[in-house]
Amino acid sequence: MNGFVPGDSGLNRRRFVAACAGLAAAAVVGRPSRALAMPRSAGPADPALIDDLVAANRILADQGVVDGYGHVSVRHDRSPDRFLIARSIAPELVTADDIVELDLDCNPVDDRGQRLYLERFIHGEIYKARPDVRSVVHHHSPAILPFAITGVPLRPVYHMSAFIAAGVPVFEIRDAGGVTDMLVRTPELGRALAQTLGDKPALLMRGHGAVVVGRSLPESVGRSVYLQLNARLQAEAIALGGTPTYLSQEEAARVLALPGGYERAWQLWKRKVAAR
Ligand code: MN
């Protein structure tokens, strides 16, 4: 894809040999570690993509979608089998130096012992299941939580969140893992979550938060911002006591056929966080 040719540098060969040696050692002690599965890098990512990923972290914080927690990732531009995400750090503090490359099993290509997000399996397993997805956001926006715990479905209140018309399923972690600490901290839980997401643009996690996907960073970030706004507006509309009228499937389809997506907002948000 994209003319990517795997590199065969001496460094990679040394890594491979080291990995094999480690694997042999693991067979002896029978206790595999993260480093043993160290995959090969797809090569340096486009610096503009790294810039956008850093911006996405800061935009999501600026818009109140994430706080000290939550994360955003993007598929590597050189290989669909790799993705980029920050090491375990608050999104607002992310710089280019914090970005790590992981394979879809969520192993880092350069394991320097950096702490990684426990819930990175949300990203890896969605990238495996959804070739169309190029970016994933996970957050705990308080605005969406009421819809994650009541069974009241999120529905599109206005054109800005027309994508919600596709449906936003709720992931019940008890169905997949019984009693847990609520974190999607294993590949199995990640797979179950990806299965619940299906072909949808977003998913709510009961007692936890949400996952939003997109074909690009502007799309996953834009959808995250407007999912949150829609949740707030829908709750207000319901609280008013009338009978809200939501966008119909046909109206939503026409909105989504418009060109541009969230591009104009993305440019504005990027400018705002860059000015800090
Ligand atoms: Mn979480």
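It should be emphasised that the depicted structure is a prediction, and the values quoted were computed from it without experimental measurement. Numbering of ligands and ligand atoms starts at 1, following listing order.
When distances from the Mn ion (ligand 1) to the N, O or S atoms of Glu119 are compared, OE1 comes out shortest. Closest N/O/S atom of His140 to the Mn ion (ligand 1): NE2. Here the N, O or S atom of His138 that is nearest to the Mn ion (ligand 1) is NE2.
Around atom CZ of Arg215, no more than 12 heavy atoms belonging to other residues, nucleotides or ligands sit under 6.0 Å away. More than 12 heavy atoms of other residues, nucleotides or ligands lie within 6.0 Å of CD in Glu172, so this atom counts as buried by the packing criterion.
Look at His139 and the Mn ion (ligand 1): no N/O/S atom of the residue is under 2.8 Å from the metal.
Inspection of the His138 and His208 side chains reveals an N or O donor paired with an N or O acceptor under 3.5 Å.
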Is there a side chain to side chain contact (heavy atoms under 4.5 Å, CB included) between Glu119 and Met205? Walk through the geometry before answering.
CA-CA 13 Å; Glu119 297 193 282; Met205 303 161 76; 4.3 Å; yes
